[in-house]
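Below: the structure, in structure tokens.
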Amino acid sequence: MASRANTKRGVLPGFGLTMGYSILYLSLIVLIPLSALLLNSTGLTWEKFWSIATDPRVLASYRVSFLTAAVAGLVDSVLGLLLAWVLVRYEFPGKKIFDAMIDLPFALPTAVAGVSLTALYSSKGWLGSWLEPLGIKTAFSPLGITLALMFIGIPFVVRTVQPVLQDLDAEVEEAAATLGASRLRTFRSVILPELLPPLLTGFALAFSRGIGEYGSVVFISGNMPMKTEIAPLLIMSKLEQFDYAGATAVALMLLLISFALLLLINSLQSRVRRAAR
Amino acid sequence: MAGSVPLTAAGTNPPIRSRRSKDSGVVKWSLVSAAVLVILWLIGLPLIVVLTEALKKGWHVYVQAISDPDALSALRLTLLVAAITVPLNTIFGVAAAWAITKFKFRGRQFLITLIDLPFAVSPVIGGLIYVLVYGAHGWFGPWLQEHDLKIIFALPGIILATLFVTFPFVARELIPLMEDQGQLEEEAAVTLGAKGFRIFWKVTLPNIKWGLLYGIILCNARAMGEFGAVSVVSGHIRGSTNTLPLHIEILYNEYQFSASFAVASLLLLLALVTLLLKSWFTRKIKN
């Protein structure tokens with residue numbers, strides 16, 4: 001039995017050591033601390049959990065978080081498709097720099113993005129001073145939160161769509177054109193179906209990042225309870241009042257809902273993929 | 001979640017297409033201009049705002065803000081935290097990638113999912129869980145207090161929270177890369193009599209070094225820039241447990257906008273250097 005396992009594992013050394021260390025480190029840094037959330041270290045009863053999780057202010061914060069993240073993810077999907085298309089299909093001056101700029105939200109600390117976007121969209125800012133007379137309030141409104149999440153999410157969409165677009169078979173497109181399909185028709189019925197799965201992945205990544213996002217949102221949102229208070233901020237303020245049970249309840253609910261939504265998107269994705277075949 | 005998109009995703013040259021599938025000039029240039037406007041609006045403007053706001057009150061205020069003792073101590077703390085967390089997560093990333101890609105075992109995919117877990121968790125929750133474990137009312141709180149050890153609202157807490165949010169970066173880059181490379185070269189080295197660590201050092205490392213560096217700089221950028229998780233566990237004690245991102249927030253809330261943006265510009269510089277190195281490493285990987 002032992003020798004069979006050995007041949008199955010191959011001849012390379014170090015499995016026990018690297019595997020053991022990985023599991024140990026994973027447990028210490030991720031699994032054990034996360035289990036503190038599930039194992040109810042704050043003595044939360046089921047009734048108390050439910051009353052906290054369904055408190056109107058808490059429900060409002062979930063609504064703000066999920067709605068702004070979903071809208072930002074949707075807008076990013078459209079804009080991200082445009083950016084990926086242009087960066088893959090066309091040559092133009094400065095293309096390399098624009099391509100590299102897409103990654104800035106990955107590398108820029110969220111607090112920097114937060115203060116910068118607030119300055120940009122506040123009533124004295126470059127864009128805010130121009131939008132406010134039009135009656136559009138961006139900073140300190142759900143729209144501001146959405147704009148911040150769009151900044152954070154855009155690279156996820158572009159970087160998942162780009163490689164798929166690159167590998168797309170040119171012959172299929174040419175065949176469609178030979179058969180007399182217009183360019184727009186080719187895009188709609190040949191190219192877009194192929195791009196749907198990566199677009200969904202990009203959306204899911206941007207969306208799930210948006211739900212948990214804190215740094216870039218906390219400055220621009222204005223943090224008004226019931227209106228622009230996001231769920232992560234509510235966890236933070238409960239912690240500041242030493243309400244550990246409350247913070248745990250809000251966090252647990254947030255995690256459960258976002259995992260459920262991600263599972264839903266995943267199953268939707270495999271269905272789209274199967275339909276595309 | 002940054003960095004969770006595989007390396008191959010970064011821009012490469014477009015394939016050569018035949019004339020038939022080319023778009024007309026009008027379509028091309030209107031799409032290109034729309035895309036350029038989107039990039040300038042969404043990404044370019046926030047970048048420029050940091051610099052103009054930082055220098056609004058002049059060079060003197062800028063220099064004063066970044067040479068302020070509190071700012072310098074925040075910078076020192078940020079560098080210290082990165083210097084501890086990045087190597088730890090790098091060692092883990094290499095070990096996990098070795099175990100996952102060089103051997104077949106049950107639950108492999110499950111292990112990869114677990115490694116990715118911190119990307120799916122809000123940074124604020126990433127901080128909260130350590131408060132639940134090590135805080136005054138947490139699992140080990142009473143024991144720690146008895147022994148006069150402080151983790152939450154102190155350096156160890158900041159390090160733990162940063163380890164959590166940057167946990168997947170290196171492993172995430174290495175796993176697909178080492179998977180593609182297979183294990184034939186390593187097996188040949190074993191046949192030739194090479195042992196353990198030497199195989200990794202002489203055979204594997206040269207193949208993965210650019211991917212490894214790529215993972216390390218992304219991990220470092222996030223470690224130096226983390227805000228939410230660190231905010232929960234830091235306690236915001238000026239000159240002691242205040243990192244650079246937290247210092248930006250404090251200055252901002254005190255309406256010292258120029259100083260706040262001056263400190264922010266340091267972190268913007270970090271981001272720009274990261275992007276430069278990233279595109280350099282990406283080019284090396286492709287060649």
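Below, read A as the first sequence line, B as the second, and so on, with proteins coming before strands; counting in each chain starts at 1.
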Exercise for the section: If a pair satisfies side-chain hydrogen bond (donor to acceptor under 3.5 Å, both in side chains) and one of its residues is in residues 29-48 of chain B, list it, with sequence neighbours excluded. Expected result: A/Y121-B/W41
Problem - Salt-bridge criterion met for A/R159 and A/D99 (N-O under 4.0 Å) - result: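 Salt bridge present between A/R159 and A/D99.
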Practice task
Considering only NZ, NE, NH1 and NH2 on the basic side and carboxylate oxygens on the acidic side, decide whether A/R183 and A/E173 come within less than 4.0 Å.
Solution key: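 Salt bridge present between A/R183 and A/E173.
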Can you tell which part of [X] gets under 4.5 Å to a heavy atom of chain B, answering side chain, backbone, both or neither?
{"X": "A/L79", "result": "side chain"}
{"X": "A/L31", "result": "side chain"}
{"X": "A/L233", "result": "neither"}
{"X": "A/L108", "result": "both"}
{"X": "A/I154", "result": "side chain"}
{"X": "A/L254", "result": "side chain"}
{"X": "A/V218", "result": "side chain"}
{"X": "A/L117", "result": "side chain"}
{"X": "A/A247", "result": "both"}
{"X": "A/I23", "result": "side chain"}

Practice task
Could you tell me the separation between the CZ atom of A/F219 and the OG1 atom of A/T110, rounded to the nearest 0.5 Å?
Solution key: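 OG1 of A/T110 is found 8.0 Å from CZ of A/F219.
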Exercise for the section: Drop me the distance from A/E171's CD to A/T178's OG1, to the nearest 0.5 angstrom. Expected result: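 Between atom CD of A/E171 and atom OG1 of A/T178 there are 10.5 Å.
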Exercise for the section: Measure distances from B/L267 to the heavy atoms of chain A and classify the residue's part below 4.5 Å as side chain, backbone, both or neither. Expected result: both
Problem - Which atoms of B/Y134 approach chain A - backbone, side chain, both or neither, heavy atom under 4.5 Å - result: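 The answer is neither part of B/Y134.
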Practice task
Keeping the roles fixed (side chain from A/K95, backbone from A/V86), state whether a donor-acceptor pair exists under 3.5 Å.
Solution key: no
Exercise for the section: Could you tell me whether a side-chain N or O of B/K56 sits under 3.5 Å from a main-chain N or O of B/F257, the two making a donor and an acceptor? Expected result: no
Any idea which of [options] has the most non-hydrogen atom pairs under 4.5 angstrom with chain A?
{"options": "B/A96, B/G93, B/A221", "result": "B/A96"}
{"options": "B/I199, B/V232, B/T274, B/V50", "result": "B/V232"}
{"options": "B/I248, B/L244, B/V38", "result": "B/V38"}

Handout entry: B/A171: side chain to side chain contact (heavy atoms under 4.5 Å, CB included) partners, not counting sequence neighbours
Key =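 Testing B/A171 for side chain to side chain contact (heavy atoms under 4.5 Å, CB included), a comparison that skips the adjacent residues, returns B/F92, B/I115, B/I175.
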Exercise for the section: Looking only at non-hydrogen atoms, find the nearest pair between B/F169 and B/V165 and report the distance. Expected result: CE1-O, 3.8 Å
